[in-house]
Amino acid sequence: MKKLIALLLALVMVFALVACATSETKTEEPAKTEEPAKTEEPAKTEEPAAEEPASELPTTEDANIVKTDELSSDEKAAALGIPAAVVLQDTTALEGKKIGCSIVYKGDEWCAALAGALESLGQYYGADIVCEDGDLNDETQTKQVENMIANNVDIMMIDPATPDGVGEALNKAHDAGIPIIIYDGYWTEGAEKAVTTVTWDQKATGTLVGEYFVNYVKEHNDGKARVIELTNAVSTHCQERFVGLHEVIDAANAEGCQIEVLNKYDSQGNRETAYNAIAAVVEPYDYIISDVDNGAQGAVSALQAVGNTDVKVFSMGAYGQEPFGLLHDNDVNYQACLNVDAWVLAQFIFDGAIAYFNGEEVPVQTNIDLFVVDNSNVEKFWSFD
């Protein structure tokens, strides 16, 4: 009997334990299945910011081009020959100011046009300005700058023949407290000592003409060409144009073109010298590339004098009725040029002077827009009857 009771007690205890365990299991909230930790989306690898394309120079398609031969709607400006392309300011900042000005060489048509533009704008703004001819000569320009200092000019606008040739005189002007604007060319110390430099990207000039030229040679001559170059050896910035040009030609040759530069002649920015150089060439060649339009025009004359209608001429700097007229008329020799608007460059020079006298910030350097012009787009730049 005792055994039976003991067995019953053992069974009761077992049931109690089981019930207890069951009860505990029921009341215990199911352990929350931890939601798998949200896999953090891999930090979006920021795609390397697409490198911004090196600022491209505008094309005739995306630039707001105003023809330079259309006169301004401002009567006073129109009477001075100032075109609509120039954005004029309503200001008295330059009134009565004496401006000293020297341009690299008036024998070049583009420079002569720029000199005229500077004088017209000076007159419009009430300033006293005469643009002197530097005659591609450091010594001449040095004397001109020294005379400007002696005449107590209020500001100088200087287009140096070479980056250092007139440096000593410009330093004297700077030390005398005369503000200096460098234009078209460069002054080695210009970034530190000039108010601003208004110019055009000389290497890009050669690059743009080079790209046009290489495409032309591929299309018309199966990528093969023999080239004569005309340069203005004394002008440092003209030499930079050939740096850009040769880089493009070298790259084209590396890809299979056969473009050979046979020779380079110094035209000295002079038509007659360019004419004589081309007239003396006896080896066969296909193309002429000139850094300035005087060289290009001299070459065209030499070709036409012997009835050569095959050789094409490319100019790395041109402006005005003559080159644009040749392009418009499909001249057999003059193929394309790089257009730099002399009036717009003059406007930027005066914008810098006005900002300076108004106490405003002036950019260290301003490069103006560059365009390659040929028969297909010349009417965007000039009017023809």
> What do the steps show when you test Glu146 against Glu168 for side-chain contact (heavy atoms from CB on, under 4.5 Å), and what is the final call?
Replying inline: CA-CA 10 Å; Glu146 287 171 347; Glu168 192 178 332; over 6 Å; no
> Please walk me through it: do Asp293 and Ser315 pass side chain to side chain donor-acceptor pair (under 3.5 Å)?
Replying inline: CA-CA 6 Å; Asp293 211 51; Ser315 171; 2.8 Å; yes
>> Using side chain to side chain donor-acceptor pair (under 3.5 Å), reason through Glu189 and Asn171 one step at a time and then give a plain yes or no.
In response: CA-CA 9 Å; Glu189 297 180 75; Asn171 272 313; 2.9 Å; yes
>> Run the side chain to side chain donor-acceptor pair (under 3.5 Å) test on His220 and Gln335 for me, step by step, so that the C-alpha distance in whole Å, both residues' side-chain angles and the decisive distance to 0.1 Å come before the verdict.
In response: CA-CA 12 Å; His220 295 88; Gln335 176 58 37; over 6 Å; no
>> Run the side chain to side chain donor-acceptor pair (under 3.5 Å) test on Gln365 and Asn367 for me, step by step, so that the C-alpha distance in whole Å, both residues' side-chain angles and the decisive distance to 0.1 Å come before the verdict.
In response: CA-CA 7 Å; Gln365 181 165 316; Asn367 284 332; 3.1 Å; yes
> Given Tyr125 and Ile354, is the side-chain contact (heavy atoms from CB on, under 4.5 Å) satisfied, shown in steps?
Replying inline: CA-CA 10 Å; Tyr125 289 119; Ile354 290 166; 3.8 Å; yes
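For Glu211, there are no side-chain hydrogen bond (donor to acceptor under 3.5 Å, both in side chains) partners, not counting sequence neighbours.
Other residues, nucleotides and ligands place more than 12 heavy atoms under 6.0 Å from the CD atom of Gln304. Crowding of Glu283 atom CD: a count of heavy atoms from other residues, nucleotides or ligands under 6.0 Å exceeding 12. Around atom NZ of Lys264, more than 12 heavy atoms belonging to other residues, nucleotides or ligands sit under 6.0 Å away. For Glu360, the CD atom is densely surrounded, since the number of other residues' heavy atoms within 6.0 Å is greater than 12. Remark: Lys224 NZ is loosely packed, at most 12 non-hydrogen atoms of other residues, nucleotides or ligands lying under 6.0 Å away.
Between Cys101 and Tyr183 there is a side-chain heavy-atom pair separated by less than 4.5 Å. Within the 4.5 Å cutoff, the side chain of Asp310 has heavy atoms near those of the Asn308 side chain. Contact annotation: the side chain of Pro83 never approaches that of Glu70 to less than 4.5 Å [non-hydrogen atoms, C-beta and beyond]. Within the 4.5 Å cutoff, the side chain of Asp374 has no heavy atoms near those of the Val378 side chain. Two residues are said to be in side-chain contact when any heavy atoms from C-beta on lie closer than 4.5 Å; Tyr105 and Asp133 meet this criterion. No side-chain heavy atom of Ile82 sits less than 4.5 Å from a side-chain heavy atom of Leu71. Contact of the Asp154 side chain with the Ile99 side chain is not registered, since no non-hydrogen atoms from C-beta on lie closer than 4.5 Å. Looking at Pro160 and Tyr186, their side chains never come closer than 4.5 Å, going by heavy atoms from C-beta outward.
Separation of atoms CD1 (Ile249) and SG (Cys257) is listed at 10.0 Å; rounding is to 0.5 Å. Between Ser290 atom OG and Leu230 atom CG the span is 5.0 Å, to the nearest 0.5 Å. Of the inter-residue distances, the one linking Asp184 atom CG with His237 atom NE2 reads 4.0 Å to the nearest 0.5 angstrom.
Sorted by first then second residue, the side chain to side chain donor-acceptor pair (under 3.5 Å) pairs that include residues 79-100, not counting sequence neighbours, are Gln89-Asp351.
Between Lys203 and Glu247, at least one side-chain N (NZ, or NE/NH1/NH2) sits under 4.0 Å from a carboxylate O, which counts as a salt bridge. By the 4.0 Å N-to-carboxylate-O rule, Glu109 lies close enough to Arg271 to be salt-bridged with it.
There is a path of hydrophobic side-chain contacts, each under 4.5 Å, that joins Leu88 to Val344. Hydrophobic clustering (ILVMFWY, side-chain heavy atoms < 4.5 Å, transitive): Ile368 and Ile103 are in one cluster. Criterion: ILVMFWY side-chain heavy atoms under 4.5 Å apart, direct or through other members. Under it, Leu121 and Val340 are part of a common hydrophobic cluster. When the side chains of ILVMFWY residues are joined at heavy-atom separations under 4.5 Å, either directly or via intervening members, Trp343 and Phe348 end up in a single hydrophobic cluster. Hydrophobic clustering of Ile, Leu, Val, Met, Phe, Trp and Tyr side chains at less than 4.5 Å, counting indirect connections, keeps Val234 apart from Phe242.
Looking at every heavy atom in both residues, Ala204 comes nearest to Leu370 through CB-CD1, 4.3 Å. The heavy-atom pair separating Leu345 from Thr199 by the smallest distance is CD1-O, 4.0 Å. Scanning both residues, Ala353 and Ile155, for their nearest heavy atoms gives CB-CD1, 3.9 Å.
When atom types are taken as modelled, the side chain of Asp108 and the backbone of Trp110 share a donor-acceptor pair closer than 3.5 angstrom. Checked by atom type and distance alone, the side chain of Asn333 never pairs as donor or acceptor with a backbone atom of Val313 at under 3.5 Å. Checked by atom type and distance alone, the side chain of Ser72 never pairs as donor or acceptor with a backbone atom of Ala84 at under 3.5 Å. Without hydrogens or angle criteria, Asn339 side chain to Val373 main chain gives no donor-acceptor distance under 3.5 Å. Checked by atom type and distance alone, the side chain of Asn294 pairs as donor or acceptor with a backbone atom of Gly107 at under 3.5 Å.
Leu170 belongs to a hydrophobic cluster with Val145, Met148, Ile149, Val153, Met156, Ile158, Val166, Ile178, Ile180, Ile182, Trp187, counting contacts under 4.5 Å between side-chain heavy atoms of Ile, Leu, Val, Met, Phe, Trp and Tyr, direct or through other members.
Aromatic ring orientation, Phe213 versus Phe314: perpendicular (interplanar angle above 60°, classes split at 30° and 60°). Ring pair Phe371/Phe381 is tilted by interplanar angle, where 30° to 60° counts as tilted. Using bins of under 30°, 30° to 60° and over 60° for the plane-to-plane angle, the ring pair Tyr216/Tyr212 lands in the parallel bin.
Only one option out of Val311, Val281, Val300, Val227 pairs with Ile288 in a side-chain contact (heavy atoms from CB on, under 4.5 Å); it is Val311. Arg241 pairs in a side-chain contact (heavy atoms from CB on, under 4.5 Å) with only one of the listed residues (Ile289, Val292, Leu338, Asp201), which is Val292.
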